[in-house]
Amino acid sequence: MEILRLIVALLVGLAGTVAAQDAAAPRSVEIRFVPPGGEGTVSLGVFDNSGKLVRAICDEWTFNRFRIGINGLAVSWDGSDSSGQPVAAGTYDAGGFVVGDVKVEGEAVHFNDWIEGHDSPQIVTVAAAQLMSDGDVLLAARLAGATGALVRYSPESEARWRTVVSAPRPEPAKNAQLCVSDTAAFVLLDGVLRAANLADGSEIKLPSAFENTRAIGARGSRLAVLDDKALHFYALPLVAPKGSADNPPPGLVSVALLDNGCVAASGDGQLWLWQDKWSRIDLPGGLKVRQVSPGRGQTFWALEENSEGISSVAQYSPEEGNLARWTPAPGEGKISWMAASAGKDYFVAAIASPGVQRTVAIRRKEGGGWEYVFDKKITACANFGWSAGKLEPSSGELPAELPVQLDGNPLDPDAPGELTLRAFANETGTGLSAADGLPLVRVSDGPGFSRVMMVAGSEPNSVRFFQSNGACVEEYVISNLGAITPFDAGEIEMTATGEASPPPAEEPEEGAPAPPPAATP
């Protein structure tokens, strides 16, 4: 009896295994269709009896990705929906579109003057900057895609950009300082000091003593680091200690090295000079200094604020006092940071106003006055939209659907002559889809685009397509949309185990390439 029970249990187990294998067997379905026209890409989907897209089988496939047979092209569907779950038994329709000579052309970049071409970094904000000896500007910037970077900008060169170093950074820095020596960049972000080689971006190991850093400054081959106890001096590139200025005035927030000594600004707006000892520099009545930066020789530059809250950038000499002053025009905003060149009368500054960060680089003319080297604006546009017939950086209107007239299907006179297109953005990129969600025309690949819209173009069957990654709004013109041709790929009667009446097998067309393995998108 014991042996009999074991045999029965074994048979039941085997039966259960077979049943499980049958239940897990793939429900592969062959979808065949004749493409209308001989060129283009194919988007094909499976739809339930209410017209809802169940699965996008092909997303802009070229013809050579399909198996080629006597009766057209073929592809397999594994019987699952877009989430990978088996579909219920029932009737499904297969169909899609051949997208012919539709053109996608880049038109413009809006709301970010830093983005001058395809090679420009996608700057969202500039946290700090430094002028280099050759006139280039080093920016500590936040880029689209939650990335922090040091990027070098050459305003008077054809090769504008070079990224020194970049790294993921989920949150923007609350407090950033940047300084440059002849060979290195030093970045103080939220109290953490790091250094990078300007030539190749490699990290420079700093002494472990760099803790509780409050401010930094560099000039040529010298570095100054302020902590709670002293202002320490180092010789570069070895970061060798070269003395310190002990007992600094309380509350220092910014330091700048001179040819001889240094200057510093405190949080209460006072200005200090160190040359063997600390002494205060008297300022004109009501002025407070928020930041200092090195200038030519013994001169330095200061970000000032007067008693009325108006900010300026001024050049000083410890012996001669004020040499020059630049103030934004009324209503332009308040200067949030500045940096100057140690070799030229030249500075860069950020001017903030609601929704706009403006970065200017300005030189003193030899005969007096100022000239702009560049003037760049970033306008917040994460919530861009359409208002009163034009693009706006912030608007509640986001048109995303438009009807277009189709040229027609020469193989099917009953095919629809109109198609509603929808702008989409997902983890795969951006583009145009049918209203049911079947992707048709790709604009950009990859994630990161949070907002899209489209409006009618100036030509028939064209649209203006807009997308944003947080740094700017890109505009494209998509034309010749009538060259999208619908086709019907037949009805599928799906049972619990597969297609009720699968099409007969067919041999490949003579001379056709060997069929690839069945596609399971």
Side-chain angles (χ1 to χ4, degrees), residues 106 109-132 136-155 159-180 184-206 213 216 336-337 339 348 350 352 355-359 374 376-384 393 425-430 443-452 466-475:
V109 172
H110 302 275
F111 308 127
N112 193 328
D113 296 337
W114 289 109
I115 302 176
E116 302 171 337
H118 68 276
D119 60 340
S120 300
Q122 300 283 304
I123 295 175
V124 177
T125 56
V126 179
Q130 276 291 314
L131 281 165
M132 307 180 73
D136 285 3
V137 184
L138 188 68
L139 306 173
R142 182 171 176 80
L143 309 183
T147 300
L150 292 178
V151 290
R152 188 166 179 165
Y153 178 65
S154 302
R160 288 276 200 267
W161 293 101
R162 181 169 72 85
T163 299
V164 177
V165 64
S166 64
R169 187 172 178 84
E171 299 294 331
K174 296 178 181 178
N175 184 29
Q177 293 187 36
L178 174 67
C179 65
V180 292
F186 298 86
V187 188
L188 181 61
L189 293 177
D190 299 331
V192 178
L193 180 62
R194 305 188 71 169
N197 189 304
L198 286 172
D200 59 12
S202 59
E203 185 168 0
I204 298 173
K205 188 175 181 180
L206 297 174
T213 301
I216 55 175
S336 53
W337 53 257
V348 59
V356 177
Q357 185 192 47
R358 178 184 173 202
T359 306
F374 64 78
K376 305 285 189 183
K377 290 181 181 178
I378 302 176
T379 302
C381 59
N383 296 314
F384 78 89
N426 56 32
E427 66 280 359
T428 69
T430 65
V443 174
S444 295
D445 292 315
F449 296 96
S450 57
R451 196 169 174 90
V452 293
F466 301 88
Q467 63 183 26
S468 174
N469 58 5
C472 66
V473 174
E474 299 173 353
E475 179 182 355

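The figures that follow rest on heavy atoms only: side chains count, while hydrogens, waters and symmetry mates do not. All figures in this text were calculated on a predicted structure; none of them were measured in a lab.
- A donor-acceptor pair under 3.5 Å is formed between the side chain of Gln357 and the backbone N or O of Val126.
- Scanning for side chain to side chain donor-acceptor pair (under 3.5 Å) contacts around Gln122 gives Asn469, with sequence neighbours left out.
- Counting heavy-atom neighbours within 6.0 Å of Arg160 CZ, excluding the residue itself, gives a total above 12.
- No side-chain heavy atom of Phe449 sits under 4.5 Å from any side-chain heavy atom of Val443.
- With Asn197 contributing its side chain and Ser202 its backbone, the two residues share no donor-acceptor pair below 3.5 Å.
- For Arg152, the side-chain contact (heavy atoms from CB on, under 4.5 Å) criterion is met by Met132, Asp134, Asp136, Leu138, Arg162, Val164, not counting sequence neighbours.
- Ring geometry for Phe466 versus His110: interplanar angle of 30 to 60°, hence tilted.
- To the nearest 0.5 angstrom, Arg358 atom CZ is 13.0 Å from Ile378 atom CD1.
- Distance alone, capped at 3.5 Å, is enough to place a donor-acceptor pair between the Gln130 side chain and the Leu178 backbone.
- In terms of modelled atom types and a separation under 3.5 Å, the side chain of Asp190 and the main chain of Asn175 share a donor-acceptor contact.
- Here the shortest heavy-atom pairing between Ala380 and Pro393 reads O-CB, 3.5 Å.
- Pairing each heavy atom of Ala176 with each of Ala128, the nearest pair is O-CB, 4.3 Å.
- Between Trp161 and Tyr153, the ring planes lie tilted relative to each other; the angle falls in the 30° to 60° range.
- When atom types are taken as modelled, the side chain of Thr430 and the backbone of Ser444 share a donor-acceptor pair closer than 3.5 angstrom.
- One distance of note links OG of Ser166 with CZ of Arg142; it measures 13.0 Å at 0.5 Å rounding.
- Atom-to-atom distance recorded for Glu474:CD and Ile115:CD1 is 7.0 Å, nearest 0.5 angstrom.
- Between the Arg451 side chain and the Phe384 main chain, a donor and an acceptor come within less than 3.5 Å of each other.
- Here the shortest heavy-atom pairing between Val165 and Ala196 reads CG1-CB, 4.4 Å.
- Counting only heavy atoms from C-beta outward, the side chains of Val473 and Val109 never approach each other to under 4.5 Å.
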Exercise for the section: Walk me through it: do Leu189 and Arg169 pass the test side chain to side chain contact (heavy atoms under 4.5 Å, CB included)? Expected result: CA-CA 11 Å; Leu189 293 177; Arg169 187 172 178 84; 4.0 Å; yes
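- Summarising the geometry of Ser468 relative to Cys381, their closest heavy-atom pair is OG-O, 3.9 Å, with the distance given to 0.1 Å.
- The distance from the OG1 atom of Thr359 to the NZ atom of Lys376 is 10.0 Å, given to the nearest 0.5 Å.
- Within the structure, salt bridge (Lys or Arg N to Asp or Glu O under 4.0 Å) pairs that include any residue of residues 120-129 do not occur (at least two apart or interchain).
- The two residues Val124 and Ala144 have their closest heavy-atom pair at CG2-N, 3.4 Å.
- In this structure, Thr428 contributes its side chain and Asn426 its backbone to no donor-acceptor pair below 3.5 Å.
- Rounded to the nearest 0.5 Å, atoms CH2 (Trp114) and CG (Leu139) are 4.5 Å apart.
- Shown here for Ile204 and Ala184, the closest heavy-atom pair between the two residues is CD1-CB, 3.5 Å.
- Note that the CG atom of Leu188 and the CG atom of Leu193 stand 6.0 Å from one another [nearest 0.5 Å].
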